Amino acid sequence: MSHEARAMDSVFKALADPTRRLLLDRLREQNGQTLRELCERLAMTRQSATQHLDLLRQADLVTVVRRGRERLHYLNPAPIHEIEERWISEFDKPRLQAISAIKKQAEEYAMTDTPASVPTYVYVTYIRASAEQVWRALTDADLTARYWGHANVSDWQPGSDWEHRRVDGSGTVDVFGRVLAAEPPTRLVITFDDAPDAELPREPSVVTFLVEPHHDIVRLTVTHENLANEAMFNGISQGWPAVLANLKSLLETGEVLPQAPWEMHRAHS
């Protein structure tokens, strides 16, 4: 059995249990919970919750981000995204999206006027490369131009500015920010402001890249926090998987994907 088949088996095994699905639902409602918070919300013992979370982590459906002494649990959408890409055809997708939009609108009408908090977005991917190669791909302007279509320009020192520049010759900056932390080759934290011309300035969101080497591969975790609204959350939920898929292809094959992956979503939406 191939590695991909084993990985898919572990996802379906994890999803088969109603308690584990409930844990995922609770993380979908409020991402970034500690073990204690999950146990309180589910009236579950720590030992039982730990066993279920371990299976969800093995299936990459949940990832853990350390914050000081705390271990925060986040829902990782990557395996669900792979299931969608494999089994939901381009012909069915528009119809299913329409049904989902109707359902979501009906649920919003049924809810109170209390605004819901925007969840933190976390995405995890595994790349056959060294930590140094991944760090260079994240910080080298020429490489980012290849897999992102924009050049990320900075000296990547804490406190420095960075710019997400178009490569069409216009020099237009679509995103800018500041480097909050840089610990090559394992951790990069930046602010992310994608509305430089907004009339009402807002606090920028924060992106953390965590590069964890393991033998011949690395686990790259991207955490996007302090999102302005649901529209931004929905946008980056489509954008990050596409960008990171292109990055993974470039590092593993020397070439980006044959077509820009973010264009696929636009074509099928």
Side-chain angles (χ1 to χ4, degrees), residues 24-38 41 61-78 80-81 104 108 111 113-125 134-135 138-139 144 148 150 152-154 156-165 173-184 186-212 219-244 247 262 265:
L24 293 177
D25 282 337
R26 293 298 174 263
L27 289 176
R28 179 176 58 84
E29 294 167 3
Q30 181 184 333
N31 224 357
Q33 296 186 60
T34 64
L35 178 61
R36 176 181 57 79
E37 290 170 331
L38 284 170
R41 297 191 68 193
L61 289 163
V62 167
T63 188
V64 175
V65 177
R66 290 183 178 275
R67 290 291 169 79
R69 296 182 178 180
E70 289 188 324
R71 291 161 55 88
L72 304 182
H73 298 79
Y74 288 92
L75 178 64
N76 178 33
I80 305 296
H81 177 73
K104 184 175 182 181
E108 288 174 350
M111 292 173 67
D113 294 332
T114 304
S117 60
V118 180
T120 293
Y121 183 82
V122 179
Y123 194 89
V124 179
T125 187
V134 173
W135 179 268
L138 293 173
T139 58
T144 56
W148 209 328
H150 283 68
N152 290 346
V153 181
S154 176
W156 304 109
Q157 297 301 311
S160 294
D161 294 332
W162 77 278
E163 293 181 338
H164 191 58
R165 296 180 189 167
V173 176
D174 289 319
V175 182
F176 68 91
R178 186 164 52 90
V179 180
L180 300 181
E183 303 166 13
T186 58
R187 184 171 175 266
L188 177 66
V189 185
I190 58 175
T191 63
F192 189 98
D193 191 337
D194 66 342
D197 301 321
E199 293 183 4
L200 297 175
R202 67 193 186 201
E203 186 179 356
S205 57
V206 177
V207 179
T208 299
F209 300 93
L210 183 63
V211 182
E212 299 172 282
R219 178 170 63 189
L220 173 61
T221 303
V222 177
T223 306
H224 203 148
E225 304 171 272
N226 197 30
L227 301 171
N229 47 48
E230 284 290 341
M232 185 175 184
F233 178 83
N234 292 334
I236 66 169
S237 295
Q238 298 294 333
W240 279 122
V243 169
L244 296 175
L247 165 61
W262 45 86
H265 171 67

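Owing to the predicted nature of the structure, the values given are computational and were not obtained by experimental measurement.
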Atom pair [atom1] ([X]) and [atom2] ([Y]), whose distance is rounded to the nearest 0.5 Å:
X: Glu163; Y: Asp174; atom1: CD; atom2: CG; answer: 11.0 Å
X: His73; Y: Arg26; atom1: NE2; atom2: CZ; answer: 16.0 Å
X: Phe176; Y: Asp194; atom1: CZ; atom2: CG; answer: 9.5 Å
X: Leu38; Y: Gln30; atom1: CG; atom2: CD; answer: 8.5 Å
X: Thr125; Y: Leu247; atom1: OG1; atom2: CG; answer: 8.0 Å

May I ask you to decide if Thr63's main-chain N or O and Asn76's side chain share a donor-acceptor pair within less than 3.5 Å?
no
Using modelled atom types only, decide if a donor and an acceptor are shared between the side chain of Asn226 and the backbone of Pro204 within a distance under 3.5 Å.
yes
For [X] against [Y], the heavy-atom pair lying closest together:
X: Arg178; Y: Trp162; value: N-CD1, 3.5 Å
X: Ala182; Y: Pro158; value: N-CG, 4.1 Å
X: Thr191; Y: Gly177; value: OG1-CA, 3.2 Å
X: Thr223; Y: Arg67; value: CG2-NH2, 4.2 Å
X: Ser205; Y: Met232; value: OG-CE, 3.3 Å

Please step through side chain to side chain contact (heavy atoms under 4.5 Å, CB included) for the pair Gln33 and Leu27, ending with a clear verdict.
CA-CA 7 Å; Gln33 296 186 60; Leu27 289 176; 4.2 Å; yes
Taking side chain to side chain contact (heavy atoms under 4.5 Å, CB included) as the test, write out the residues that go with Thr139, two or more places apart.
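Listed in chain order: Trp135, Trp156, Leu188.
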Which of parallel (below 30°), tilted (30 to 60°) and perpendicular (above 60°) describes Tyr123 and Tyr121?
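It falls in the parallel class, under 30°.
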Within the 4.5 Å heavy-atom criterion, are [X] and [Y] side-chain neighbours or not?
X: Arg219; Y: Val124; result: yes
X: Leu61; Y: Leu24; result: yes
X: Thr34; Y: Leu72; result: yes
X: Tyr74; Y: Thr120; result: yes

With Phe192, which residues qualify under ring pair (Phe, Tyr, Trp, His ring centres under 6.0 Å), at least two apart?
His224
What I want to find out is whether Glu212 reaches Arg66 closely enough, with some N-O distance under 4.0 Å, to be called a salt bridge.
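Result for this pair is no, no salt bridge flagged.
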The side chain to side chain contact (heavy atoms under 4.5 Å, CB included) partner of Leu138 among Val211, Ile190, Thr144 is Val211
I'd like to know whether Val243 forms a side chain to side chain contact (heavy atoms under 4.5 Å, CB included) with Val222, so could you lay out the CA-CA distance, the side-chain angles of the two residues, the decisive distance to 0.1 Å, and finally the verdict.
CA-CA 11 Å; Val243 169; Val222 177; over 6 Å; no
